[in-house]
Structure formats: C-alpha cells, structure tokens
Amino acid sequence: MYVKKSGMAGCAAVICTLLVFGLLVQVADAQEKLYKGITIKALLYAQPAAWAVEKLKGDWERQTGAKVIIETSEYGGLWEKQLMDFMARTGTYDIVAFDIPWNPIHGESGNLLPLGPLMERIGDPGYDIADVVPRVLKLHCTWKGKIIGLPFAPSVNFLFYRKDLLEDPIEKAAFQAKYGYDLRVPETMQQLWDVSEHFTREGLFGWADAPKRGEHATWAWFPFFCAWTDESFLDADNKVIIDSREAVDSLEFFVNLHKFAPSASVSWGHDEVTTLIQTKKVAVALHQAELSSAMENPEESEVVGLIGYAPVPKKKVESAGLGGMAIGLSAYSHNSEAAFKFMEWITNPSTARRVAELGGPPFRRSVINDPELSAKYPYFKAFGAALDAAFARPRIPQYVELSEVVSAAVQAALIKEKTPKSALEDGASKIREMMEKWGYPQ
Amino acid sequence: MTIPDLVHYYDQKLGKMTLLKQDQRSRVIAFQKIPFFRRPSLPLKYILILPTVITLLAVTIFPLLFSLNLSFHEWDLKTPVGARFIGLANFIAIVNDPVFWVSMKVTFVFTFCVVSLQFLLGLGLALLFTKEIIGKNVWRSIIFLPMMATPVAVGATWKYMFHSFFGIINYFLSLVNVSGLDWLGNPSLALFSIMIVDTWQWTPFMFLILHAGLESIPREPFEAAKVEGASRWQVLRYITLPLLRHAALIALVVRTMDAFKVYDLVFLLTRGGPSYITETLSIYTFRYGFRFARIGYAAALSYVMLFIIIAISRIYIRVLKRAS
C-alpha cells in the first residue's frame, strides 16, 4: 500500500515536472519568437552587403519567428521603387536602402520614421552606436538632428590599381626612364596622369571609371572636383561653384584622362568597370571600395591578389566622394517594431562583422580595425581613413535635379559636345536658376 | 380619362395591384405571354456591362482626367508641400526648356527613321512571301519571333551584344578586321544602335500587316496587267501599292504611335545618353516623373506627347480618307 502510494506520488511528481518544464519552454519560445507570423520586406541595393544579409537573415528569422524577404535592385530602380512605394503609402517595403543624397528628401518628406523613439524604447543596449564612424552616422543617417537611418553599406571612390604592374621591375625601369621618378601608387593627380599614360598600350588601358549618364557621371567627376576645389558643388552658403576656375580645371583633367580609358566607358556603370578590372584590361581605375570583394573572388576574377587599393590622389587636397547606402524604416510600414529590430540586428557589432566578412563594406571602427578582416580585405585601413575625410554631395532635397544638370555637363564635355568650360558655365547657370526657385538665393 | 379606361391589374414585378390603362394592360399581358428566358430584361443588360464600364472608367478615364488636372498643378513629391494650382505654368516651362526641344528632335528623327526603314523592309518581305518559297510557313514563324519577345528582354540582350569588348557583334566585326565599335557610347552611333534594335523587333509587325494586305488583294487586276504586258515594276507601282494603301496606312499609323513613345529600349540601352543624344520624350518624361518626382510637370509632358500623337494620327487618317 505504502509502495503503491509512493509510486503514484512519484509518477505525479514526474508528470508535474514535465508539465512545468513544457510550460516554461513554451513561454521561453513565445518570448523569443516575438515576431512569429510577421513578414518583413527590405529593398536593398544589389551589392555585396545585401547579398551577405540574404545569407545571414536566417539566424534572425529563427530567433524571432519572423520572415524576411530581401529584394535587391540596381541603383536607378532602387530610387524609383521606394519613391513609388512612398507616393502610394502602401508600406510594401518595411526597410529601404537609401543613398546619401536621398537623405534630405526622405528627411524632409517624412517618408522614413525617426528611429530615436524606437531606439529609446526597444533599442538593444549592446548596439554601441559610438562604434560607428561618426561622419557616416552624421551624413548618412541623420537629418536635422534626427536619426532616420542606420549605416549599412557606405562607400567612397577608391583607386584600384594592379600591384603586379606597378611592382614589376621592367615597368619600374621604363617609367623611371620616361618620367624621371619612381613608379608608385599615384598620390598626386600628376602621378595619376603619368601612370595612366604609361600603361596605355595594346591590350591594356591606363584608366577606367564609370561616368554613364545620370548620377554615375556626377559621382565619377565628384572626387576630382573636390580635389581641385576643397569644396562640394555648393559652398557653405549653398552657392553654386561648379563653374569656378578650379572646377573647370578639374573637369578638363577628368576629360583628358579619358583618353587613357576605353572610349566606350562614357556609357559604363560599375558593372562594366568591375569586369574590365577582373579581366586584367586596365591598370588603374576609379571604383567603389566595397566592390573589392569581386576582385578577390577566384570564381570570377583573374586578378585575385593582384589589386591594390588607394585613396583618390591629391590636388589641392586629398578627396573622395562619400556615398553608399544607409537603411531606413518606412513610415508606412505595418511592422515597424519588427523591421526596426531587424535593422538593428544586421548593423549591430557582431552581424556587421559577419557582413563585412562576406564582402560588405565596414562602417564600425571595430570592424575596420579587426586584424583578421584587414588581412582578408586590405582596403579596410585606407577605407576607414577615406570615410573620415570624404566629401558629401550637396545635402538638399532637390539634389537629384541638381545632379542631373551636372551629369549632363560632364557627359557633354566627355563626348566633346562642349568644352568643359562652356559645359560647366551652362550647367551652373541652369542650377542657379533652379536654386533661386527652390529658395536658395544665389 | 374616364374611369372605365382604368383597370386593376396585379403587377408581378411590383408585387401589388396597379391601375393601368387598357392599352398598357394589353402590352403587359402580351409581355407576360413571352417565355421568361426570351424576355428582354433591361436592367440585366446594364448589370452585365457594368464591370467593363467600371474597369474602363478606373483604368482609362479616371487616370486621364486625374493626370489632366495634375498637369495644371505643381507637385514635387520630394518635399512635404502638396499640389499647388499653377495654371498653364507647366506647359510654358516645357516650351521654354531647351532639353524638351532636344528630346523632341531626337524622338522625331528616331520615329521617322525606324518607321521608314521598317516599312521598306516589311514591304520587301511581304512581297517576297507572295512567291512560292520552300518552308514558307517556317520562315514566317521565324520572322515573327522578335515581335513576340518582351522589349525588356530584347533591350537587355542587345546591350550585351553591343558591348565593346565582350559583345558578339564586335567579335564578328573583328573577324573581318573591323576594330571594336562603341555602339552605345559613341554619340554618332548611339541612336543608330537603338534604331537597329527597334527595327529588328518591329519589322515583323509591318510584315504581318502588309502581308495580310497583300493576301487580301484580288487577283484579277494582276491577271489583267499580265495580259496587257505590264512589267513587274509597273505592276508594283500601279496596282500593288495603290491597292495596299489601306493596310500600309494602318501599319504606319500604329508603328508611328509606338515608335514615338519608345521608352524601354532607350532606358535599357543608353538611359538617354551619352549626354542628350538619345533622350527621347518618354525618357525625358520619365526623368521628371520618377527621378525628380515632379509629377505635375511630368503629367503636362504626357499631355504634350498625347497632343502630338493625336495630331500625327489625324494627318494619317486624313490621308487614309483621301485614299478611300
């Protein structure tokens, strides 16, 4: 009797323990999978950082129970898709990637939710925002004091050069004989000219960049403009300075440098330049820093280990254009909280490191200075320095229209439709008219 | 009306007794003798066409009227300021914009060249197909294939074909010692390259219409001409072309309207560059609508395009009527 009673008590105890344990597991599971059943859609720029997130998102999905759909787009489509979504206010995309010049547009129009309140309410205490490169945070992610995005894939113009060519003893001797100084990674515009000229020969181009119609042309010329003028297109008082003497000189140099580039490059974007570098057809190119991972991919590149990275050479100052993508939370999202947590997750210190490991550009000091990653991606050190010093394009909501005029002027000069001086004078005149209309007295 | 003229009648539709005049009652009784499935049910007709009418209003009429209204407003979606009525200011700005006139010129040159070329090629093919050719049906199917492809796929494929280093066209040219041409970046070749692609894709359309037109021409005039000893050129000039006029004009009207609105090929191949060399009106409108988000101005541009296309169509129709 006693044994029977104690046996039953034992069974009851086991069952209760199991029930309690099961309940605890359920509760824990429910607490973790906070966003079960929620689908978040992110519109990102088609580049290594987005592809890295596509690979890593599963970890967050398993943790939270949410589903994440990553849609990538080329540059033009990225703007148009988010514009149409914001116009219609459908909230199709919860998260959008935006280029730095679009920051004022979204900031003024209220298309992106300010993240401050969310960060205060449900922010991750371990996010460590102080680790983000300050210039990136300020120029990419902030508008009029409010944080409207998180850093994701910043970019600067960079020189990609063939280490094997610049270190070749025969090339060094020939260069020394012709130009009177040692062949080196160009540090000044004159050196850039000499190196490009020296390597322009049958089967090889001395220079390449991507000045195709649209923002690409503006972006390709921008570092040269900044190197000559030490300014952006608008000065501190928002006055147009693209027709100054220094600006004209910079465009003349830029146009003349293209005689060492493929003639077809006037209609090229970044993809074409990437292919040209990968197929060993160019000695020096102006390219996007984060695309260096494409150079080191043995499946598609013939120049693995042969490409060096350097800042844009100096004229008056060292320069680079600050660009790239931040990610913002759509004001029309139906899942703001979940979307914000995903944004926070992909940009937190540990995931940012994993994204950088998979080829995304770094934006945290801890990642830039990581010795293991720096060994894998030699451009990190120069990239970090460039981020600190890079020039931002004009931060006005009407930048896309201003850029269109600049792009047309650059293209007109490149195809010899106009001289650089007349192209910039015509462009400046038109932009001044537009700036007056927009409320920026000239 | 006297009381004996009125009769009570139970109206089944109304479900109650109704006072009717004698002649009305006769008509009602006559109507009710018709089997129900043969009765003309007036409300049902309207109900059945209602979905079409609603769709037409929603998809065509409403957008037309909305965009017309929009064209009289300034509305920049990049700023929080909403739409502002500005009257004809958008249209005046269009007329004063030199880039608009450049794009008009590019569009007219493109349209004239491609339509003329496609017409000549299509006519040549259609005349060829009046002969007995081995595998005629197979050849006809092959000729129609480009027309079936989506313009986006066509543009993307030709962009690779035109690549100055890796494109297949330059590869074949290199076999005959012609050095790589810059098809899309050279200002002298960019618009021509787009014309090549458009001609490749839409010549089959001209061929289709003209071939059908040729097939429908009666044989008697040709037999009479043969008997009279007319030459091939005389037959073509005095019999074939005049009888083909209606079909030719239809083909020309349709292709002209399409070519005038060309967008996808230009967007994929050159985006309007280099500079403004290939900036068609559609690309120009797209830029204002979707890049600059100035939808009032873009709506005004759309209406300018519409008026131009209507004017061109009216010219064609007038010529067609005169031919009739």
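Just so you know, these numbers come straight off a predicted model, no measurement behind them. Note on naming: letters A, B, ... go to the chains in the order of the sequence lines (proteins, then strands), and numbering restarts at 1 for each one.
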Measure B:P187 against the heavy atoms of chain A and call it side chain, backbone, both or neither at under 4.5 Å. side chain
With a 4.5 angstrom heavy-atom cut-off, which part of B:I295 approaches chain A: side chain, backbone, both or neither? side chain
Cation over ring face, B:R291 and B:Y288, 6.0 Å, 45°: no
Under a 4.5 Å heavy-atom cutoff, which of B:A293, B:S275, B:G289 has the most pairs with chain A? B:S275
Measure distances from [X] to the heavy atoms of chain B and classify the residue's part below 4.5 Å as side chain, backbone, both or neither.
X      : answer
A:K430 : side chain
A:L276 : side chain
A:V266 : side chain
A:K416 : neither
A:E108 : both
A:E74  : side chain

Tell me whether [X] contacts the main-chain N or O of [Y] through its side chain, where contact means a donor paired with an acceptor under 3.5 Å.
X      : Y      : result
A:D209 : A:L286 : no
A:R395 : A:L139 : yes
A:D85  : A:Y93  : yes

Using a strict threshold of under 4.0 Å (side-chain N to carboxylate O), is an ion pair present between A:E401 and B:R294? yes
Expected contact set for residues 88-110 of chain B against chain A at heavy-atom separation under 4.5 Å reads B:D97, B:V99
How would you list, in number order, the residues of residues 149-172 of chain B that have a heavy atom less than 4.5 Å from chain A? B:K159, B:H163, B:S164, B:F165, B:F166
Are A:Y399 and A:W79, when compared by the centres of their aromatic rings, separated by less than 6.0 Å? no
Fit a plane to each ring of A:Y75 and A:W102, take the angle between them on a 0 to 90° scale, and name the class: parallel (under 30°), tilted (30 to 60°) or perpendicular (over 60°). tilted
